[in-house]
Amino acid sequence: MTDVRELLLSRIRDVADYPEPGVMFKDITPLLADPAAFTALTDALAGIVASTGATKVVGLEARGFILGAPVAVRAGVGFIPVRKAGKLPGATLSQAYDLEYGSAEIEVHAEDLSAGDRVLVVDDVLATGGTAEASVQLIRRAGAEVAGIAVLMELGFLGGRARLEPSLDGAPLEALLKV
């Protein structure tokens with residue numbers, strides 16, 4: 001796994017002062033453009049699906065869609081998009097959450113998750129944990145079980161893990177890279 005981590009890390013580009021001065025943005029587009037790195041990432045995340053016994057993958061808008069869909073296909077499970085409010089047609093469940101400045105809301109189709117589902121949340125980055133925490137609440141409100149959360153990269157200095165762990169009730173939080 002060390003070789004996989006080194007490959008993934010080597011394909012993540014630092015972009016200084018984006019989206020605002022003082023921020024070092026971690027750009028994953030070079031990783032996505034490299035078929036070997038993207039395949040290694042997909043395989044690693046699909047392994048987490050298997051180890052958690054997940055029956056569905058939830059991908060968080062928007063980069064969680066890019067990562068979660070191929071992971072679900074590789075693992076042979078269903079994929080469920082969790083979107084920003086107002087983006088899904090039909091009956092939805094929604095969950096509001098607080099951001100550093102303001103609030104946001106995410107939604108899932110009400111019929112996409114049920115009591116028999118074990119759901120792994122997949123996203124690119126764990127930062128403050130707000131969106132991931134809201135997704136955990138949303139999955140449980142739909143009647144499904146949270147199998148865990150898997151991310152490409154955890155930004156440890158932002159405290160997302162400490163925020164999330166109490167709401168995970170022992171379910172794993174897996175980060176392939178910690179920066």
**Q** Could you pull out all residues at least two apart from Thr55 that satisfy side chain to side chain contact (heavy atoms under 4.5 Å, CB included)?
**A**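 If we apply the side chain to side chain contact (heavy atoms under 4.5 Å, CB included) test to Thr55, skipping adjacent residues, the hits are Asp117, Arg118.
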
**Q** Without placing hydrogens or testing angles, list every side-chain donor-acceptor pair under 3.5 Å for residues 80-90, not counting sequence neighbours.
**A**
from, atom 1, to, atom 2, distance (Å)
Arg83, NE, Glu61, OE1, 2.7

**Q** Would you please name every residue forming a side chain to side chain contact (heavy atoms under 4.5 Å, CB included) with Leu158, sequence neighbours left out?
**A**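 Partners of Leu158 by the side chain to side chain contact (heavy atoms under 4.5 Å, CB included) criterion, ordered by chain and then number, come out as Ala127, Thr128, Leu155.
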
**Q** Using the ring pair (Phe, Tyr, Trp, His ring centres under 6.0 Å) rule, collect all pairs that involve residues 63-97, keeping only residues at least two apart or in two chains.
**A**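 As it turns out, there is no ring pair (Phe, Tyr, Trp, His ring centres under 6.0 Å) pair with a partner in residues 63-97 once direct neighbours are skipped.
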
**Q** Per the ring pair (Phe, Tyr, Trp, His ring centres under 6.0 Å) rule, what does the pair list look like for residues 119-171, sequence neighbours excluded?
**A**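 Residue pairs with at least one partner in residues 119-171: there are none.
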
**Q** With distance as the sole criterion, is a donor-acceptor pair present between the side chains of Glu105 and Ser94 under 3.5 Å?
**A**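 Yes, Ser94 and Glu105 have a side-chain donor paired with an acceptor closer than 3.5 Å.
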
**Q** Going by the rule salt bridge (Lys or Arg N to Asp or Glu O under 4.0 Å), which residues pair with Asp124 if we only count those two or more places apart in sequence or in a different chain?
**A**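 Salt bridge (Lys or Arg N to Asp or Glu O under 4.0 Å) list for Asp124, sorted by chain: Arg63.
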
**Q** Looking at residues at least two apart in the chain, or sitting in another chain, which of them share a side chain to side chain contact (heavy atoms under 4.5 Å, CB included) with Glu6?
**A**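 Only Thr2, Asp3 meet the side chain to side chain contact (heavy atoms under 4.5 Å, CB included) criterion with Glu6.
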
**Q** Give me each pair satisfying salt bridge (charged side-chain N to carboxylate O under 4.0 Å, His left out) with a member in residues 170-179, each pair once, sequence neighbours excluded.
**A**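 Residue pairs with at least one partner in residues 170-179: there are none.
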
**Q** Tell me the salt bridge (charged side-chain N to carboxylate O under 4.0 Å, His left out) pairs involving residues 19-30, sequence neighbours left out?
**A**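 Every pair satisfying salt bridge (charged side-chain N to carboxylate O under 4.0 Å, His left out) with a residue in residues 19-30: Arg13-Asp27, Asp14-Lys26.
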
**Q** Quick one: which residue pairs count as a salt bridge (charged side-chain N to carboxylate O under 4.0 Å, His left out) with a foot in residues 154-163, not counting sequence neighbours?
**A**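 Passing the test, one end in residues 154-163: Glu133-Arg163, Glu154-Arg161, Arg161-Glu165.
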
**Q** Suppose clustering is done on Ile, Leu, Val, Met, Phe, Trp and Tyr with side-chain heavy atoms closer than 4.5 Å. Which residues sit in the same group as Val15?
**A**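 Listed partners: Tyr18, Phe25.
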
**Q** Tell me, please, which residues at least two apart from Asp169 pass side chain to side chain contact (heavy atoms under 4.5 Å, CB included).
**A**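 With sequence neighbours excluded, Asp169 shows a side chain to side chain contact (heavy atoms under 4.5 Å, CB included) to Arg140, given in chain and number order.
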
